[in-house]
> 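Handing you a structure now.
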Amino acid sequence: MSQHTDVLEMARRQLAVAAEYLELDAGLHEVLSRPQRALIVRFPVVLDSGEVQVFEGYRVQHNSARGPTKGGIRFHPDVDLDETSALAMWMTWKCAVANIPYGGAKGSVRVDTKQLSKRELEKLTRRYITEINVMVGERSDIPAPDIGTNAQVMAWIMDTLSMQAGYTMPGVVTGKPIELGGSEGRVEATGRGVVVTAQEAAKTLGISLTGAKVIVQGFGNVGATAAKIIEEEGATVVGISDAIGGIYNPNGLPVRELFTRYAGREGGIREYKDAEQVTNEQLLELPCDVLIPAAIAAQITSENADKIKAKLIVEGANGPCTPDADNILSDKGVFVVPDILANAGGVVVSYFEWVQDLQNFFWEENEVNNRLERIMRNSYAAVEATMRSHKTDMRTAALIIGVKRVADATIRRGIFP
Ligand code: GLU
């Protein structure tokens, strides 16, 4: 079984647990355990050398019962249809937990963007989005950034789809640059939401984030922003890693300096010398109060879960803890704020961006951040209440809420024809 079949298996196991609590109808469970629609595309790109390379990509719509489907596009060498399907399913639950009117989707291209020039990346993006154009649309399926993509990639997507439509269509994609209809606060939104849920979880646990020691795995958009904001809130970031490896200093790391001077360098943040060098695996097991895995899936597994020292894990990434790890962590008394709650801030501000684009009326950053905070705190409170009433953990509680909202919408709509 491939690693990615495992990720899909993980998502299905999580759904099965919620289905049991909800006594979900078997037919409905079957519908929700697979994507509604999936597309595989293969397309050529002419490289700068004149050579032609063929790439494989996917777009998966998991469920559209609650609205148009929504979810990012990932450019990464390891993606496949199963992983993209798992990520699309998580988007469905995430949008339902945040109670925003979307279903879930995800797209991906199997590519190592480090091997491409900017011009090649642009050509790949424009061709991929053209190949999946049969699925996307401002009222049907709205992409956004994910691992390996950013605001510039979203700008190329908006331009390509607008050229093909014959008019400028900003609402077809979110996470765009501000000057093209992007939203204030979108870049920081996921990391900001991670910190809001960390604050709420600290209250649940009766601990303080001020002075708490925090470790962040991943220094992409989510990890770097969460590290910066949690430091502003008075915590001490003692460990951080990027794709190359990690650094640790029990007295604290200068997050802003790492971001402005070391991120994006050849050697990554490891070029910062006033810290011990550790591997990504070692980083997770170091002493801290709060651990924020903000890299890729399946990082905390049955292999290392019993070595985790943190009291609180806040999942910035999608799927960083496997179901086996969840069981071990729960036995150890580690409190986990699950991905579909903790990292929902990104898609929440994507929703705000889409609403602003459709209305051609733009909000100030304060308004975006205040509304984001309100949704994150309300969602956390609802999940915590369900955790208590069902005597379960936060992941199962979040799934119970998400799956129930999707199931209710499906039952209300009925089966066509
Ligand atoms: N890729 C992000 C996620 O996994 C954001 C999706 C969006 O904004 O649509 O939640």
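Indexing begins at 1, ligand by ligand and atom by atom, following the structure's order. Hydrogens, waters and symmetry mates are skipped; everything else that's a heavy atom, side chains included, is used. Throughout, numbering of the chain's residues begins at 1 and tracks the sequence.
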> What do we get for R186 next to ligand 1 when only non-hydrogen atoms under 4.0 Å count, side chain, backbone, both or neither?
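It is the side chain that gets close, since no backbone atom is under 4.0 Å.
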> Would you say N318 has any N or O atom under 3.5 Å from an N or O of ligand 1, going by distance alone?
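Right, the criterion is met.
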> Do D159 and R126 sit within salt-bridge range, that is, some charged N less than 4.0 Å from a carboxylate O?
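Salt bridge between D159 and R126, a charged N being under 4.0 Å from a carboxylate O: yes.
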> Nearest protein heavy-atom contact for atom 7 (C) of ligand 1: which residue, which atom, what distance?
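I find the closest protein heavy atom is A144 CB, 3.3 Å.
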> With heavy-atom distances below 4.0 Å as the criterion, list the atoms of ligand 1 near K106.
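Result: 1 (N), 3 (C), 4 (O).
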> May I ask you to list the atoms of ligand 1 that are less than 4.0 angstrom from any heavy atom of G346?
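Per the distance check, 8 (O).
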> Output, in order, the C-alpha distance, side-chain angles, deciding distance and verdict of side chain to side chain contact (heavy atoms under 4.5 Å, CB included) for I157 and V136.
CA-CA 11 Å; I157 290 177; V136 298; over 6 Å; no
> Using the rule given for side-chain hydrogen bond (donor to acceptor under 3.5 Å, both in side chains), can you reason through N133 versus R59, listing the C-alpha separation, both sets of side-chain angles and the distance that settles it, and then say yes or no?
CA-CA 10 Å; N133 194 4; R59 184 70 183 172; over 6 Å; no
> Keeping to residues at least two apart or across chains, list the salt bridge (Lys or Arg N to Asp or Glu O under 4.0 Å) pairs with something in residues 378-393.
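Applying salt bridge (Lys or Arg N to Asp or Glu O under 4.0 Å) to every pair that reaches into residues 378-393, excluding sequence neighbours, yields E384-R388.
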> Of M158, M154, Q152, which is the lone residue that meets side chain to side chain contact (heavy atoms under 4.5 Å, CB included) with W156?
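Testing W156 for a side chain to side chain contact (heavy atoms under 4.5 Å, CB included) against M158, M154, Q152 leaves exactly one candidate, Q152.
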> Give the atom numbers and elements of ligand 1 that come within less than 4.0 Å of a heavy atom of K70.
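Ligand 1 atoms under the 4.0 Å threshold to K70: 7 (C), 9 (O).
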> For ligand 1, which atoms, with element, lie under 4.0 Å from some heavy atom of K94?
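Selected atoms, number and element: 3 (C), 4 (O), 10 (O).
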> Can you name the atoms of ligand 1, numbered from 1 with element, that are less than 4.0 Å from a heavy atom of S350?
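Listed by number with element, the hits are 7 (C), 8 (O), 9 (O).
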> Can you tell me which portion of A344 lies within the under-4.0 Å heavy-atom range of ligand 1? Options are side chain, backbone, both, or neither.
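Neither; nothing of A344 gets under 4.0 Å from ligand 1.
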> Which ligand 1 atoms are under 4.0 Å away from a heavy-atom of M91?
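Going through ligand 1 atom by atom, the ones under 4.0 Å from M91 are 3 (C), 4 (O), 6 (C), 10 (O).
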> Just say parallel, tilted or perpendicular for the rings of Y272 and Y262, cut-offs at 30° and 60°.
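Perpendicular: the ring planes of Y272 and Y262 meet at over 60°.
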> Name all residues meeting the ring-ring contact (aromatic ring centres under 6.0 Å, His included) criterion together with Y102; count only those two or more places apart in sequence or in a different chain, and write none if there are none.
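Y102: ring-ring contact (aromatic ring centres under 6.0 Å, His included) contacts with Y351, W354.
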> Just to check, does G175 reach to within less than 4.0 Å of ligand 1 when the distance is taken from its heavy atoms?
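No, G175 has no heavy atom closer than 4.0 Å to ligand 1.
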> Please determine whether a side-chain nitrogen of the Lys or Arg among D82 and R12 lies less than 4.0 Å from a carboxylate oxygen of the Asp or Glu.
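Between R12 and D82 there is no salt bridge, as every charged N stays at least 4.0 Å from the carboxylate O atoms.
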